[in-house]
Amino acid sequence: QVQLVESGGGLVQPGGSLRLSCAASGRYFSIYAMGWYRQVPGKQRELVASITSSGSQNYADSVKGRFTISRDNAKNTVYLQMNSLKPEDTAVYYCRCSLNYWGQGTQVTVSS
């Protein structure tokens, strides 16, 4: 079993930045693909960004050029740097590993 714990969410003004972190338990983090997802009430959870074990990244069109996913295998942690935030980025953000374990989520609210 893999436990994932997200942190770094909060309230930020439009145009601001946040960095989310997701810390994973276990010894095999480096071989997992990892992803960040988000969900707003009444809508399906959607993939925001993913990163393979070798570091290849993929992004949703809505966040390309603004968000960056990265990982630190020494710290068993995956990050999501979010810049130029927009109100439509408001959601609960979840991380997931390729074994289909999910974190508990962290709220991101973009509002003036």
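Small disclaimer: the values here were computed from a predicted structure and weren't measured.
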Pairs touching residues 41-83 that satisfy ring-ring contact (aromatic ring centres under 6.0 Å, His included), sequence neighbours left out
none
With ring-ring contact (aromatic ring centres under 6.0 Å, His included) as the rule and sequence neighbours excluded, what pairs involving residues 7-33 come up?
none
If the condition is side chain to side chain contact (heavy atoms under 4.5 Å, CB included), which residues does [X] pass it with, not counting sequence neighbours?
X     : value
Glu46 : Arg38
Thr90 : Gln107, Thr109, Val110
Ser30 : Asn73

Any chance you could pull the hydrophobic cluster mates of Trp102, using side-chain heavy atoms under 4.5 angstrom and chaining through other members?
Tyr37, Leu47, Val92, Tyr94
Should the heavy atoms of other residues, nucleotides or ligands under 6.0 Å from CD of Gln44 be counted, would the total exceed 12?
no
For Gln39, look at atom CD and say whether over 12 heavy atoms of other residues, nucleotides or ligands are found less than 6.0 Å away.
yes
About how many Å separate [atom2] of [Y] and [atom1] of [X], when rounded to the nearest 0.5 Å?
X     : Y     : atom1 : atom2 : value
Ser56 : Ile51 : OG    : CD1   : 8.0 Å
Arg96 : Arg45 : CZ    : CZ    : 10.0 Å
Cys97 : Ile31 : SG    : CD1   : 9.5 Å
Met34 : Ser53 : CE    : OG    : 12.0 Å
Asp89 : Ser84 : CG    : OG    : 9.5 Å

Minimum-distance pair of heavy atoms, taken over all atoms of [X] and [Y]:
X     : Y     : value
Gly26 : Asn76 : O-ND2, 2.8 Å
Glu6  : Tyr93 : OE2-O, 4.0 Å
Trp36 : Ile69 : CD1-CD1, 3.6 Å

Any ion pair linking Lys64 and Asp61 (charged N to carboxylate O, less than 4.0 Å)?
yes
Would you list the pairs meeting disulfide (SG to SG under 2.5 Å) in which at least one residue belongs to [range], sequence neighbours left out?
range          : result
residues 55-92 : none
residues 37-66 : none
residues 24-66 : none

Residues two or more places apart in sequence or in another chain: which of them pass salt bridge (charged side-chain N to carboxylate O under 4.0 Å, His left out) with Lys43?
none
Partners meeting side-chain hydrogen bond (donor to acceptor under 3.5 Å, both in side chains) with Ser111 (sequence neighbours left out):
none
Indicate yes or no: at least one non-hydrogen side-chain atom of Gln104 is less than 4.5 angstrom from one of Leu4.
no
Quick check: do Thr77 and Arg71 have side-chain heavy atoms less than 4.5 Å from each other?
no
If you look only at distance, which donor and acceptor atoms sit under 3.5 Å apart when one is on a side chain in residues 9-24 and the other is two or more places apart or in another chain?
from  : atom 1 : to    : atom 2 : distance (Å)
Ser17 : OG     : Asn83 : OD1    : 2.9

